[in-house]
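Beneath this line is the structure, given in structure tokens, with notes to follow.
Convention: sequence-line order gives letters A, B, ...; per-chain numbering from 1. The figures that follow rest on heavy atoms only: side chains count, while hydrogens, waters and symmetry mates do not.
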There are 2 protein chains.
Amino acid sequence: MRVRLEDVARAASVSPKTVSRVLNDEANVSDATRKRVLAAMEAMDYRPHPSARSLAGNRSFLVAMLYDNNDNPASTYLAEIQDGVLEACDEHRYSMMVRPLRMRGDDFIRRLDALISDHHPDGVVLTPPITDYAPLLKRLRERNVPYASVSPMQRNGVIGVTMDEQAAARAIVEHLLALGHRRVAHVIGIADHGASRWRLAGYREAMAAAGLPEDPELVVQGAFTFSSGVAAARELFALKQRPTAVFAANDDMATGVMWAAGEYGLKVPHDLSVCGFDDTPLARQLWPALTTIQQPSREMGKIAATQLLNLLRGRGPGQLVQVPFSLQIRDSTARIP
Amino acid sequence: MRVRLEDVARAASVSPKTVSRVLNDEANVSDATRKRVLAAMEAMDYRPHPSARSLAGNRSFLVAMLYDNNDNPASTYLAEIQDGVLEACDEHRYSMMVRPLRMRGDDFIRRLDALISDHHPDGVVLTPPITDYAPLLKRLRERNVPYASVSPMQRNGVIGVTMDEQAAARAIVEHLLALGHRRVAHVIGIADHGASRWRLAGYREAMAAAGLPEDPELVVQGAFTFSSGVAAARELFALKQRPTAVFAANDDMATGVMWAAGEYGLKVPHDLSVCGFDDTPLARQLWPALTTIQQPSREMGKIAATQLLNLLRGRGPGQLVQVPFSLQIRDSTARIP
DNA sequence: CAGCAAATTGACAGCGCTGTCATCTGTGTC
DNA sequence: GACACAGATGACAGCGCTGTCAATTTGCTG
């Protein structure tokens, strides 16, 4: 038979309400009582019934992680974030649910509403590119659902976790420049993603700092996918004066660039240096292995969720934490011959 | 203010209990009444409160998807299954939670118990290799938690989804044999995973059918990881008589084999044909692109969850559905020179 | 058209917990 | 030692739904 709060109360000779107080870490319980109750809970292996708690207390102990499965088809990046979010939720004894929320189409607000009404999450964790949709953020605020973001574009007032993507992009381009490259191309990600803008900004910053005038030919649009990387590379290789290095805004596109290089008979890194961004497992497994930017995705998920949970549990306002990146230099970039 | 079941009842001029009956698709409600209630629900945009439903009805409308994050670090395979499971749950208006359950160590039963006591899932979906741990299955049965499996090893009485892995492995090895290869090596996956056994069995079956005696040198142990593929390949390349083709039990290991081939100066597919299993996104992006077996992971997740949900909703006993595989012939395999 | 079984509907309690508010206890003050 | 006051504890109702079982209506039979 199930052990209920009432049973614990009887065992500890206190009222159910006092057990409830201990369970919820409330103030105004004497140390002696608290200890006694905790001991009883432990001894009886008491597990509060989540539905009862949620019904009576008008909160769900549920955090929803939202992702856009449209532009993010089952990426490892998301899986790692999810893992981190889950870990944080576990530590705070919250449950987590993952929800795809396709941003394409104009009914995503309706779908967000349905999600909230159906599941009553106490808060949500937003992952890119959902972090950047103003109407969605507005709706969450209207419905009074706290949220934390992983790498938000707008940074004022948002809590969660961020990385200095612009500095990272700048660092990787500087690496190419240090190898002697001058015609360095950039493949941009999906235009309206914050990540794309920052990475482009970092590229420009590095080029400008090296005194290289911007050559529009060298900056081509991609869409974060392998095939868009292939297409972008073909454009670049068709130029009269080919680039000697390509910085793609993510690893998938960089892989596409390498693929296209093979197609054109260009050897990487001898004829062309290629680098990416994200450090997917793929990056290490390519031949040659890809120079890229590593971000601690799992950690980032955990931090974002922790900020949200601190807020939910009334432990201060929550912050926007910045995590460091790391430049992974591998075999796809080399000194210009 | 929240619309409650009672409000719907008043609007439809019936008792709350009748609304409840309609909500739960119970029998013994006249068509006229049912229609009236449904109309009222629709008009008022009624959303039942999950916690109240779960508390009163003693069920959670929750399906937990279990995975082993030890041997499966954030793979796309799992992400796709998860997506399919989620879709099925949505259709049946169940929620889904994902839970890692590390099988290493001997306290996983305790952790399973905690999971059940803490969250009360109505059922669980098991993914490989969790499908194969007998003590875990036993415990689920003891605790009366129904489960469905994705690719279970034991097939008697288990519901869920399966693929004929042995036939798939045989098909891919037959493809190599048809290209004229005779010294075909195999890199085995983690020893106690069902998948490894079947793929090995399929390899043997194809070799035997071609009248090739088994050469123990050509069968080496791997662990489903990239680096284990590299290590296995090094072993194979060190043989006096090198294989001309390698069938690795998954794509990650196949990628490792290709990587090692690069290291040894072997050109794929000219000097060595390589093929894998799973058709991860990686496979298409390698240079050359990898010949492999595709399984419809997303679909498989959906089917497994659907079988479980049919069972939970009292719609028959649930089945073990077999899905087809497809051999993806790409550029990493070629006729022997 | 009485008589009965089956189908339909409703009354009511209670799932396991927490919010509200009342009560009690211990400490310090003069 | 009487009094004030903050801290600790408890009584009780009720969160929104469903299970149980009783009441009512319907349809059918002879």
### Query
Can you tell me how far P of dG16(D) sits from CG of Asn24(B), to the nearest Å?
17 Å
### Task
Rounded off to whole Å, could you give me the CZ-to-P distance for the Arg59(A) and dG16(D) pair?
16 Å
### Message
Can you list everything that forms a side chain to side chain donor-acceptor pair (under 3.5 Å) with Asp164(B)? Sequence neighbours excluded, please.
### Response
none
### Message
I need the full list of side chain to side chain donor-acceptor pair (under 3.5 Å) pairs touching residues 309-320 of chain A, with sequence neighbours left out, sorted by first then second residue.
### Response
His92(A)-Arg313(A)
### Rounded distance in Å - CD (Glu26(A)) to P (dG19(C))
6 Å
### Query
Would you say the side chains of Ser54(A) and Ser51(A) form a donor-acceptor pair under 3.5 Å?
no
#### Entry: Contacts of Ser13(B) that satisfy side-chain contact (heavy atoms from CB on, under 4.5 Å) - sequence neighbours left out
Arg36(B)
Protein and nucleotides 8-13 of chain D: nitrogen or oxygen contacts under 3.5 angstrom:
from, atom 1, to, atom 2, distance (Å)
dA8(D), OP2, Asn28(A), OD1, 3.2
dT9(D), OP1, Ser30(A), OG, 3.3
dT9(D), OP1, Thr33(A), OG1, 2.5
dT9(D), OP2, Ser30(A), N, 3.0
dT9(D), OP2, Thr33(A), OG1, 3.4
dG10(D), OP2, Ser15(A), N, 2.7
dG10(D), OP2, Ser15(A), OG, 3.1
dG10(D), OP2, Thr18(A), OG1, 2.9
dG10(D), N7, Arg21(A), NH2, 2.6
dG10(D), O6, Arg21(A), NH1, 3.4

### Query
Starting at CD of Glu6(A) and ending at P of dC17(C), how long is that distance when rounded to a whole Å?
9 Å
### Task
Sorted by first residue and then second, give each salt bridge (charged side-chain N to carboxylate O under 4.0 Å, His left out) pair with at least one member in residues 147-156 of chain A; sequence neighbours left out.
none
### Query
Among all residues two or more places apart in sequence or in another chain, which pass the salt bridge (Lys or Arg N to Asp or Glu O under 4.0 Å) test with Arg93(A)?
none
### Summary
Here the distance between atom P of dG14(D) and atom CG of Leu5(A), to the nearest Å, is 20 Å
### Query
Please give, in whole Å, the distance from dC17(D) P to His120(A) NE2?
9 Å
### Message
Please report the distance, rounded to the nearest Å, between CG in Asp118(A) and P in dC17(D).
### Response
12 Å
### Query
Given axes from five pairs at either end, by how many degrees does the helix from dC1(C)-dG30(D) to dC30(C)-dG1(D) bend, rounded to 10°?
30°
### Length of the line joining Arg4(B):CZ and dT18(D):P, which is rounded to integer Å
14 Å
### Query
Parallel, tilted or perpendicular for Tyr133(A) and Phe108(A), by the 30°/60° rule?
perpendicular
### Pair listing, salt bridge (charged side-chain N to carboxylate O under 4.0 Å, His left out) test, anchored in residues 301-312 of chain A, at least two apart
Glu87(A)-Lys302(A), Glu91(A)-Lys302(A)
### Task
Scan Asn58(B) against the nucleic acid and name what it touches under 4.0 Å (heavy atoms): base, sugar-phosphate only, or nothing.
nothing
### Query
What residues form a side chain to side chain donor-acceptor pair (under 3.5 Å) with Lys138(B), not counting sequence neighbours?
Glu142(B)
#### Entry: Members of residues 38-55 of chain A that approach DNA chain C, where some heavy atom sits under 4.0 Å away
Tyr46(A), Pro48(A), His49(A), Ala52(A), Arg53(A)
### Message
Which residues pass the side chain to side chain donor-acceptor pair (under 3.5 Å) test with Gln295(B), not counting sequence neighbours?
### Response
Asp278(B)
### Summary
Here the salt bridge (charged side-chain N to carboxylate O under 4.0 Å, His left out) pairs for residues 50-61 of chain B, sequence neighbours left out, are none
